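This report concerns only the one structure given below.
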Amino acid sequence: MTVRVRYAPSPTGDPHVGNIRSALFNWLYARHTSGTFIVRIEDTDQARLVPGSLDAILDALRWLGLDWDEGPGSDAPHGPYVQSERLDIYRKHADWLLGEGKAYHCYCTPERLDAVRKQRQKERQPTGYDRRCREPNGAAEAREENPNLPVVRFKMPTEGNITVNDFVRGEVTFDVSLLDDFVLLKSDGYPTYHLANVVDDHLMEITHVMRAEEWLPSAPRHKLLYEAFGYEMPVLVHLPLILGPDRSKLSKRHGAASVLEFRDMGYLPDAMFNFLALLGWSLDETSEVFSKDDLIKHFTPERILANPAVFNIEKLDWFNGLYIRGMDDSALADALLPWLEDDEHGLPASARPVDRAYLASIVPLERERLKRLSEAPEMLSFFFEERLDYDASLLVPKGLDADTTRAMLEAALATAESVDDWSVGALETAYRALAERLGVKTGQLFGAMRVAVTGRTAAPPLFDTLSVLGKERCVSRLRAALAAL
RNA sequence: GCCCCUAUAGUCUAGCGGCCUAGGACGCCACCCUUUCAAGGUGGAGAUCGCGGGUUCGAAUCCCGCUGGGGGCACCA
């Protein structure tokens with residue numbers, strides 16, 4: 001039997017990292033088993049639809065490289081893959097249950113349902129529908145109060161236990177008497193999640209349902225529904241939730257929660273992929289840097305954890321730095337270019353456009369200093385700006401005064417002007433000799449020069465920087481520094 | 001309020017009865033490298049394995065209770 005798994009997002013908001021992590025696990029499992037990864041859009045709540053949300057979700061999948069074999073845009077045989085285009089299917093299934101006496105119409109108003117719920121909670125009883133419409137008399141009564149279109153409710157057994165098997169947690173038992181007759185079809189003709197997901201998973205021949213743990217409590221309803229239809233139930237794999245630093249479900253409240261936000265913060269898709277894969281899954285006691293292929297090779301649901309994981313952005317930063325360091329000059333330059341050229345957050349207009357070859361020469365100097373691509377404009381700005389803006393007092397090294405610094409920089413300028421070979425090695429030789437000749441510590445000379453040439457105290461190694469900047473820029477910056485002193 | 005899940009350092013985790021004086025990683029600290037910052041290297045602090053009972057010759061590992069944390073309880077998914 002070939003594995004068929006699905007990611008079933010609802011286009012009601014941003015592609016939340018927890019949500020996308022579910023997609024990622026499903027995808028990995030499908031690829032690991034050479035199975036099929038399906039994307040199904042669960043847009044059955046018309047009121048909550050958010051325009052643009054579907055595109056954002058698909059963008060997030062594409063960004064991470066989670067390609068789907070069946071889904072929106074594919075004409076595979078199990079479609080359509082958008083639930084709002086499958087309404088007749090759900091209606092038929094609901095009708096069948098109605099005909100079998102396994103479901104019934106309910107005319108109760110939301111107001112009454114709400115009142116019942118409150119009353120039950122007050123009585124320390126489990127909240128839930130009181131089944132008034134399950135009896136003909138009750139239904140007639142309710143219908144008189146509310147002649148509008150009814151919903152269809154599932155007729156749950158009223159007693160006994162039901163045990164569902166979760167692949168991660170094992171057997172989980174629920175007391176059926178505590179579960180109510182849930183809604184299958186809403187009065188607007190749309191199905192609820194419960195109906196739609198059971199029907200579709202069956203029709204689409206899903207073999208494994210891997211979804212977030214928040215669904216575990218509704219698993220017994222689903223099991224009963226599968227039984228009512230006479231369908232075989234897929235394997236249930238409930239994934240641990242991803243929490244924020246305060247240990248509640250990760251949300252916007254914690255800062256970024258959307259995968260697209262992380263993309264926009266300068267994280268690399270492969271770093272994000274690796275990081276997310278390790279939230280709720282691990283291979284062994286030491287492995288943690290995984291390429292996509294490694295993950296496909298090693299990912300198995302047996303290694304999925306049951307306990308929730310806190311989203312640790314510091315570790316994401318580390319992963320991102322690691323992946324940045326692993327990029328070659330050309331790839332990193334390509335990745336950096338759009339960030340530098342960005343009108344809003346990129347380099348100042350006067351420093352653009354960026355010369356691609358010049359950028360490529362800068363990359364080796366900054367690669368190991370970058371944690372996020374978004375840091376590039378700030379971190380690399382001095383390479384591109386015509387005029388540096390900094391506090392002149394930074395030019396004076398510890399242990400020296402302004403006059404000696406001036407003399408030192410004048411000598412540095414003279415040396416620069418006289419050096420023809422602008423290579424790293426030649427520059428280093430020349431300036432080490434100069435420090436000795438002036439009787440200053442190399443750190444003092446190099447420090448003052450670093451500020452003069454970069455405008456900052458923290459920068460890549462001096463001679464590499466001088467070399468990349470080129471003689472002309474260095475000379476003029478040394479002059480400007482002298483003028484500012 | 002009712003139901004369910006869960007519990008190893010600040011965080012992600014290894015561990016599935018003896019190999020554990022609990023391993024790895026992020027973060028943190030120190031040192032080394034060094035012209036600064038990183039990166040890298042080395043070392044270190046940090047967990048009475050939530051607590052209390054069992055079971056067993058032996059428990060982080062199995063069982064029960066408690067406590068903590070989380071999730072669910074819609075004509076939302």
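Naming convention: chains lettered A, B, ... in sequence-line order (proteins, then strands); numbering from 1 in each chain. From a predicted model like this one, the values you see are computed outputs, not experimental measurements.
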Could you identify the nucleotide paired to [N], looking across every strand shown and requiring Watson-Crick or G-U wobble geometry with both distances under 3.5 Å?
{"N": "B:rU61", "answer": "none"}
{"N": "B:rU55", "answer": "none"}
{"N": "B:rC2", "answer": "B:rG72"}
{"N": "B:rA25", "answer": "B:rU11"}
{"N": "B:rG40", "answer": "B:rC32"}
{"N": "B:rG50", "answer": "B:rC66"}

**Prompt:** Can you give one letter per nucleotide of nucleotides 34-52 of chain B, 5' to 3': B if a protein heavy atom sits under 4.0 Å from the base, S if only from the sugar-phosphate, - if neither?
**Reply:** -BBBBSS------------

**Request:** Scan nucleotides 62-76 of chain B nucleotide by nucleotide, 5' to 3', and note B when protein non-hydrogen atoms come under 4.0 Å of the base, S if they reach only the sugar-phosphate, - if neither.
**Result:** -------SSBSBSBB

**Prompt:** Of the candidate nucleotides B:rG23, B:rA7, B:rC26, which contains the atom at the shortest distance from the side chain of A:N307?
**Reply:**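 Selected nucleotide (nearest to the side chain): B:rA7.
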
**Asked** Among B:rC26, B:rU13, B:rG1, which is the nearest nucleotide to the side chain of A:R124?
**Response**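 Side chain of A:R124 sits closest to B:rG1.
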
**Item:** Where A:A392 and A:A484 come nearest, the two heavy atoms and their spacing
**Value:**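 Smallest heavy-atom distance, with atoms named: CB-O, 3.7 Å.
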
Would you classify [X] as touching base, sugar-phosphate or nothing, given that sugar-phosphate means primed atoms plus P, OP1 and OP2, and contacts are heavy atoms under 4.0 Å?
{"X": "A:S287", "value": "nothing"}
{"X": "A:R112", "value": "nothing"}
{"X": "A:L305", "value": "sugar-phosphate"}

For [N] versus [M], give the span between their [atom1] atoms, rounded off to a whole number of Å.
{"N": "B:rG46", "M": "B:rC5", "atom1": "P", "result": "36 Å"}
{"N": "B:rC19", "M": "B:rA59", "atom1": "C1'", "result": "15 Å"}
{"N": "B:rC62", "M": "B:rC16", "atom1": "C1'", "result": "11 Å"}
{"N": "B:rG40", "M": "B:rG15", "atom1": "C1'", "result": "30 Å"}
{"N": "B:rG69", "M": "B:rA74", "atom1": "C1'", "result": "25 Å"}
{"N": "B:rA25", "M": "B:rG41", "atom1": "P", "result": "10 Å"}
{"N": "B:rA30", "M": "B:rU35", "atom1": "C1'", "result": "22 Å"}
{"N": "B:rC26", "M": "B:rA9", "atom1": "C1'", "result": "12 Å"}

**Request:** Sequence neighbours left out, what passes ring-ring contact (aromatic ring centres under 6.0 Å, His included) with A:W281? Give chain and number order.
**Result:**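 Expected list: A:F290, A:F299.
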
**Request:** Give the intermediate values and the outcome of side chain to side chain contact (heavy atoms under 4.5 Å, CB included) for residues A:I38 and A:V5.
**Result:** CA-CA 6 Å; A:I38 297 154; A:V5 291; over 6 Å; no

**Item:** Upstream residue (5' side of RNA chain B) when A:T286 and A:G280 are each assigned their closest nucleotide
**Value:**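 The residue whose closest nucleotide sits nearer the 5' end is A:G280.
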
Atom [atom1] of [X] and atom [atom2] of [N]: how far apart are they, to the nearest Å?
{"X": "A:I242", "N": "B:rU11", "atom1": "CD1", "atom2": "P", "value": "16 Å"}
{"X": "A:Q119", "N": "B:rC2", "atom1": "CD", "atom2": "P", "value": "16 Å"}
{"X": "A:D166", "N": "B:rC5", "atom1": "CG", "atom2": "P", "value": "10 Å"}
{"X": "A:L216", "N": "B:rC4", "atom1": "CG", "atom2": "C1'", "value": "6 Å"}
{"X": "A:I304", "N": "B:rA14", "atom1": "CD1", "atom2": "P", "value": "12 Å"}
{"X": "A:F290", "N": "B:rC12", "atom1": "CZ", "atom2": "C1'", "value": "13 Å"}
{"X": "A:I313", "N": "B:rG10", "atom1": "CD1", "atom2": "C1'", "value": "16 Å"}
{"X": "A:L279", "N": "B:rA14", "atom1": "CG", "atom2": "P", "value": "12 Å"}

**Message:** Could you check whether atom CZ of A:R131 has more than 12 heavy atoms from other residues, nucleotides or ligands sitting under 6.0 Å from it?
**Reply:**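 Result for CZ/A:R131: enclosed.
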
**Message:** Would you call the rings of A:Y193 and A:H222 parallel, tilted or perpendicular, taking 30° and 60° as the class edges?
**Reply:**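 Geometry flag for A:H222 against A:Y193: tilted rings.
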
**Side chains of A:Y267 and A:R372, donor plus acceptor under 3.5 Å** =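 Short answer, yes.
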
**Message:** Both conditions, 6.0 Å and 45 degrees, for the charged tip of A:K292 above the ring of A:F273: are they met here?
**Reply:**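 Yes, A:K292 and A:F273 form such a contact.
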
**Asked** Does the cation-pi check pass for A:R153 over A:Y129, that is, NZ or CZ under 6.0 Å from the six-membered ring centre and within 45° of its axis?
**Response**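 Satisfied, under 6.0 Å and within 45°.
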
**Message:** Could you go through A:T192 and A:L185, starting from their C-alpha distance and side-chain angles, then the distance that decides it, and tell me whether this counts as side chain to side chain contact (heavy atoms under 4.5 Å, CB included)?
**Reply:** CA-CA 6 Å; A:T192 59; A:L185 213 57; over 6 Å; no

**Request:** Decide yes or no on ring pair (Phe, Tyr, Trp, His ring centres under 6.0 Å) for A:F446 and A:F463, but give the supporting numbers first.
**Result:** CA-CA 9 Å; A:F446 299 170; A:F463 304 110; 4.9 Å; yes

**Message:** I want to check one thing: is the phosphate of B:rC12, taken as OP1 and OP2, less than 4.0 Å away from some side-chain N or O of A:R21?
**Reply:**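 A:R21 to B:rC12 OP1/OP2: no side-chain N or O under 4.0 Å.
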
**Request:** Start with the C-alpha distance between A:L243 and A:F311, add both sets of side-chain angles, then the distance that settles side chain to side chain contact (heavy atoms under 4.5 Å, CB included), and finish with yes or no.
**Result:** CA-CA 6 Å; A:L243 313 178; A:F311 189 94; over 6 Å; no

**Request:** Using a strict 4.0 Å threshold on nitrogen-to-oxygen distance, state whether A:D114 and A:R117 make a salt bridge.
**Result:**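 The answer is yes: the pair qualifies as a salt bridge.
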
